[in-house]
Amino acid sequence: MLRPDKGMPAASPRPGGALEHWTERHLRYLMLAPTMIVLLALTIFPSFYMFYAAVHRISPNPDLPWEFVGSGNFARLLTDAQFHVALRNTAVFTIVAVTFEFLLGLGLALLLDKFIRRLTFLKTVLMIPMMLPPIAVAITWKIIYEPQFGVLNEIMFRLGLPLQAWAGDVNLAMFSIIVADVWQWTPFIFLLMLAGLASLPVEPYEAAALDGASSWRQFWDLTLPFLKPVIAIAVLLRVMDALRLFDLVFILTGGGPADRTKVLSLYIYQVAYRFADPGYAAAISLFVLFVTIVLSTWFMKRMRLAE
């Protein structure tokens, strides 16, 4: 009697079996391939292209070759007065706008935390500015700030106050930009703070109330420490976004008057398209990227040390 493993012809492999086996082994890579291709096309390739452009002088004439200048474009940053103005304006805007947005967002979240179930409609209304397209927000505030027919000057007139050229006054232009940005992005901070407050544990507050701790003491000793991770993420995201401000400035002031609202993103646009110097614009963009990475790393490290 023949044994099953001897004397019988070996079974022939199924057609396509090797292909199926290879597919099973590499299925994870096949599933990731479309995403990686999109990432390479939309993120990695433009990044390398920007690095390459930053070390070249690019002529507006497409027939002329690119001239390698090494660190020449980055050296120009040290002596470019317009770049220094844009850097200062960006720093002022970022510090002031993000500070007000954080304080207002946290204050609104604390105010509505205990009553949010009964004020769902109010929460939805507060979210509207954040959900609007930035260009729509800029046009809306341009109409509000319009010197002759704007809503704001109409209110000033009815109150007997002097009319102002809000976005056209050298002393009020940056203030006008900050007000519009605070109106749009305070709901973002509010939403994150509200989610953070909803996730806080109840037991420490009950113990603190039994010990006679006041609401102010509970806020400083419990709420703020518990909210540190949420605060870090909220502030970091807003700082990174504020460094890239473009829409409001481009629509409301165009960088004026007298360069009082010229920020880095607008200056990059002007250098690349108005002055036809994309190599130098790429160098400024890399500088903004470097500052963003440094600030993010420093901020997260400080938050971890403070825990």
Below 30° counts as parallel, above 60° as perpendicular, anything between as tilted: where do the rings of F226 and Y205 land? tilted
Please set out all donor-acceptor pairs under 3.5 angstrom arising from side-chain atoms of residues 51-65, sequence neighbours excluded.
| residue | atom | partner | partner atom | Å |
| --- | --- | --- | --- | --- |
| H56 | ND1 | Y52 | O | 2.6 |
| R57 | NH1 | E67 | OE1 | 3.1 |
| R57 | NH1 | E67 | OE2 | 3.3 |
| S59 | OG | N61 | N | 3.2 |
| N61 | OD1 | D63 | N | 3.1 |

Do any N or O atoms from the side chain of N89 and from the backbone of D259 form a donor-acceptor pair under 3.5 angstrom? yes
Ring pair (Phe, Tyr, Trp, His ring centres under 6.0 Å) between Y280 and F275, intermediate numbers included: CA-CA 10 Å; Y280 184 45; F275 307 142; 9.5 Å; no
Rounded to the nearest 0.5 Å, how far apart are CZ of R244 and CD1 of I268? 11.0 Å
Less than 4.0 Å between a side-chain N and a carboxylate O, is that true for E146 and K142? no
Kindly compute the distance separating CG (L266) from CG (D247), expressed to the nearest 0.5 Å. 11.0 Å
Counting only N and O atoms by type, is there a donor-acceptor contact under 3.5 Å from the side chain of N153 to the main-chain atoms of P147? yes
When you check the side-chain N and O atoms of D80 and Y267, is any donor under 3.5 Å from an acceptor? yes
Hey, mind stepping through F250 and Y269 against side-chain contact (heavy atoms from CB on, under 4.5 Å) and telling me if it holds? CA-CA 10 Å; F250 185 77; Y269 167 81; 3.7 Å; yes
Of the non-hydrogen atoms in A86 and T90, which two are nearest, and what is the gap between them? O-OG1, 2.7 Å
I need the F74 CZ to F287 CZ distance, nearest 0.5 Å. 11.0 Å
Test side-chain contact (heavy atoms from CB on, under 4.5 Å) on L245 and S265 and set out the steps. CA-CA 6 Å; L245 174 72; S265 295; 5.7 Å; no
Residue pair D277, R76: steps toward the salt bridge (charged side-chain N to carboxylate O under 4.0 Å, His left out) verdict: CA-CA 12 Å; D277 195 351; R76 286 178 60 184; 2.8 Å; yes
Donor-acceptor pair, side chain of T94 and main chain of A91, under 3.5 angstrom: no
Parallel, tilted or perpendicular: which one describes the rings of W216 and W220, with boundaries at 30° and 60°? perpendicular
Sequence neighbours excluded and cut-off under 3.5 Å, please list the side-chain donor-acceptor pairs for residues 96-106, or say none.
| residue | atom | partner | partner atom | Å |
| --- | --- | --- | --- | --- |
| T99 | OG1 | I95 | O | 2.6 |
| E101 | OE1 | R238 | NE | 2.8 |
| E101 | OE1 | R238 | NH2 | 3.3 |

How far does CD1 of I233 sit from NZ of K228, to the nearest 0.5 angstrom? 14.5 Å
Does any non-hydrogen side-chain atom of L286 lie less than 4.5 Å from one of M50? yes
Would you say that more than 12 heavy atoms from the other residues, nucleotides or ligands in this model lie under 6.0 Å from the CE of M31, or not? no
In the single-linkage hydrophobic clustering (I, L, V, M, F, W, Y; side-chain heavy atoms under 4.5 Å), do L78 and V85 co-cluster? no
To the closest 0.5 Å, what do you measure between CG (L289) and CD1 (I284)? 14.0 Å
Go through L237 and D241 one step at a time and tell me if the side-chain contact (heavy atoms from CB on, under 4.5 Å) criterion holds. CA-CA 6 Å; L237 290 176; D241 193 54; over 6 Å; no
Given the rule that I, L, V, M, F, W and Y join up when any side-chain heavy atoms are under 4.5 Å apart, are W141 and F149 in one cluster? no
In terms of ring plane angle, is the pair W66 and Y49 parallel, tilted or perpendicular, where the classes change at 30° and 60°? perpendicular
Does CZ belonging to F45 count more than 12 external heavy atoms closer than 6.0 Å? no
Which heavy atom of A272 sits nearest to which heavy atom of A281, and what is that distance? CB-CB, 3.7 Å
I need the L126 CG to F190 CZ distance, nearest 0.5 Å. 5.0 Å
What's the verdict on side-chain contact (heavy atoms from CB on, under 4.5 Å) for Y145 and V179, showing C-alpha distance, side-chain angles and the deciding distance? CA-CA 11 Å; Y145 288 144; V179 168; 3.6 Å; yes
